Amino acid sequence: MEYETLETKKEGNLFWITLNRPDKLNALNSKLLEELNRAVSEGESDPEVRVIIITGKGKAFCAGADITQFNQLSPTDAWRFSKRGREVMDKIESLSKPTIAMINGYALGGGLELALSCDIRIAAEEAQLGLPEINLGIYPGYGGTQRLTRIVGKGRALEIMMTGDRLSGKDAERYGLVNRVTPLSNLEQETRKLAEKIARKSPVSLALIKEVVNKGLDSPLASGLSLESIGWGVIFSTEDKKEGVNAFLEKREPNFKGK
Ligand SMILES: C=C(C)C(=O)SCCNC(=O)CCNC(=O)[C@H](O)C(C)(C)COP(=O)(O)OP(=O)(O)OC[C@H]1O[C@@H](n2cnc3c(N)ncnc32)[C@H](O)[C@@H]1OP(=O)(O)O
């Protein structure tokens with residue numbers, strides 16, 4: 001597919017989406033947001049793709065929503081703007097395939113919110129992460145108030161939102177905001193290693209894990225636990241379950257087909 005503001009690349013079972021407005025630090029204007037929406041659908045619908053990785057070109061992962069659009073927004077436009085951004089983030093969170101945010105540099109505002117919509121975040125030590133909207137006299141509008149709080153806890157999330165301060169990659173790891181950090185020079189290699197490991201697992205198990213974890217987080221514990229058991233029953237109908245158990249019994253590596 002053709003894109004103007006991002007690049008996509010298929011590498012084996014991995015699908016790389018690279019935001020590509022480096023001179024504007026990959027700020028999410030409407031074009032980039034819509035192309036991102038299209039690119040994740042492309043990865044989701046391609047049966048060969050097993051893991052989707054989102055990253056940015058240049059010194060930023062993504063510096064957030066494009067602030068140059070803000071002065072033209074009426075309050076109702078602003079509501080639509082936030083809603084559309086949130087819909088794209090919600091969609092990324094709900095993809096059936098695992099997603100990794102490879103945070104190569106600035107991940108600010110909507111950029112951090114994009115990373116928070118991914119399943120796993122790997123950051124460069126040199127990266128800077130934050131929600132600086134407070135400095136614009138506004139607050140996060142692409143899901144950050146809710147997702148950051150669920151990931152790092154209320155006190156830390158409020159501090160990040162109320163100060164607008166940027167965290168280094170290392171501090172972000174300490175806060176539990178990213179899964180791990182590595183020097184920038186090693187970031188792509190580490191990310192590829194992790195993505196390839198996950199790509200070898202059963203796509204059905206991966207999709208069900210995501211569904212049960214995400215829906216469980218939105219539910220009372222008893223409902224989440226019940227969902228887990230129901231899904232566990234369903235997974236016993238899959239060829240991948242047969243393959244996984246037989247491979248163990250036959251002392252060989254499984255070859256999962258996603259069926
Ligand atoms: C969902 C919501 C509500 C949001 O995301 S609101 C936006 C939240 N994000 C921000 O507030 C971050 C804004 N950016 C910054 O503070 C600074 O650019 C940083 C990230 C600290 C980097 O600073 P520097 O290294 O000095 O680079 P800087 O020159 O500012 O940026 C390079 C270019 O990108 C542009 N740019 C950076 N972030 C941008 C953004 N969010 N929107 C539009 N343009 C942006 C910036 O205007 C500049 O353009 P130009 O060369 O035409 O002047």
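Here the structure is a predicted model, which is why all the values come from computation and not from measurement. Ligands are counted one by one from 1 in listed order, and the atoms in each one are counted from 1 as well.
Atom 20 (C) of ligand 1 has L108 CD1, 3.5 Å as its closest protein atom, hydrogens excluded (heavy atom only). Closest to atom 23 (O) of ligand 1, if we only count protein heavy atoms, is Y106 OH, 4.2 Å. Protein heavy atom closest to atom 39 (C) of ligand 1, with residue, atom name and distance, is A27 CB, 4.0 Å. Ranking the protein heavy atoms by distance from atom 53 (O) of ligand 1 puts K24 NZ, 4.7 Å first. Looking from atom 9 (N) of ligand 1 to the surrounding protein, the closest heavy atom is A63 O, 2.9 Å. For atom 1 (C) of ligand 1, the closest non-hydrogen atom of the protein is E113 OE1, 3.5 Å. At the shortest separation from atom 33 (C) of ligand 1 among protein heavy atoms lies D23 O, 3.2 Å.
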*Dump the intermediate steps for side chain to side chain donor-acceptor pair (under 3.5 Å) on T5 and E35, then the final yes or no.*
CA-CA 7 Å; T5 56; E35 290 198 341; 2.7 Å; yes
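By the definition of a contact as any protein heavy atom under 4.0 Å away, atom 14 (N) of ligand 1 is not in contact. Protein heavy atoms are found less than 4.0 angstrom from atom 7 (C) of ligand 1. Atom 42 (N) of ligand 1 is approached by the protein to below 4.0 angstrom, counting heavy atoms only. For atom 31 (O) of ligand 1, the nearest protein heavy atom is under 4.0 Å away.
Within the 4.5 Å cutoff, the side chain of D77 has no heavy atoms near those of the Q72 side chain. Taking 4.5 Å as the limit, some side-chain heavy atom of S226 sits within range of a side-chain heavy atom of I230.
Within the listing of ligand 1, atoms 21 (C) sit less than 4.0 angstrom from a heavy atom of R166. Listed by atom number, the atoms of ligand 1 under 4.0 Å from G64 heavy atoms are 5 (O). Of all the atoms in ligand 1, the ones that sit under 4.0 Å from a non-hydrogen atom of G109 are 5 (O), 8 (C). Counting atoms of ligand 1 from 1 in the listed order, those under 4.0 Å from a heavy atom of D66 are 42 (N), 43 (C). In the vicinity of G110, heavy-atom distances shorter than 4.0 Å reach the ligand 1 atoms 1 (C), 4 (C), 5 (O).
For the pair S117 (side chain) and D90 (backbone), a donor-acceptor distance under 3.5 Å is absent. Looking only at distances, a side-chain donor or acceptor of E113 sits under 3.5 Å from a matching main-chain atom of G110. Checked by atom type and distance alone, the side chain of T149 pairs as donor or acceptor with a backbone atom of T145 at under 3.5 Å. Checking side-chain atoms of K91 against main-chain N and O of N37 turns up a donor-acceptor pair under 3.5 Å. No donor-acceptor pair closer than 3.5 Å links the side chain of D66 to the backbone N or O of L28. Proximity of a side-chain donor or acceptor of D240 to a complementary backbone N or O of F256 within less than 3.5 Å is not detected. For E243 (side chain) and P254 (main-chain N/O), no donor-acceptor pair under 3.5 Å exists by modelled atom type.
Under 4.0 Å from ligand 1, heavy atoms of A65 appear from its side chain as well as its backbone. Only the side chain of F70 comes within 4.0 Å of ligand 1, judged by heavy-atom distances.
Both V178 and I54 are part of a single hydrophobic cluster, where members link through side-chain heavy atoms under 4.5 Å apart.
Side-chain contact, N20 with T18: no donor N or O sits under 3.5 Å from an acceptor N or O.
Across R86, E133, K59, heavy-atom proximity to atom 2 (C) of ligand 1 is greatest for E133. For atom 19 (C) of ligand 1, the nearest non-hydrogen atom from the set I67, L25, L136 belongs to L25. One option in S82, C62, G143, P132 has a heavy atom closer to atom 10 (C) of ligand 1 than any other, and that option is P132.
When each of K210, R147, K215, R86 is checked for a salt bridge (charged side-chain N to carboxylate O under 4.0 Å, His left out) with E93, only R147 meets the rule.
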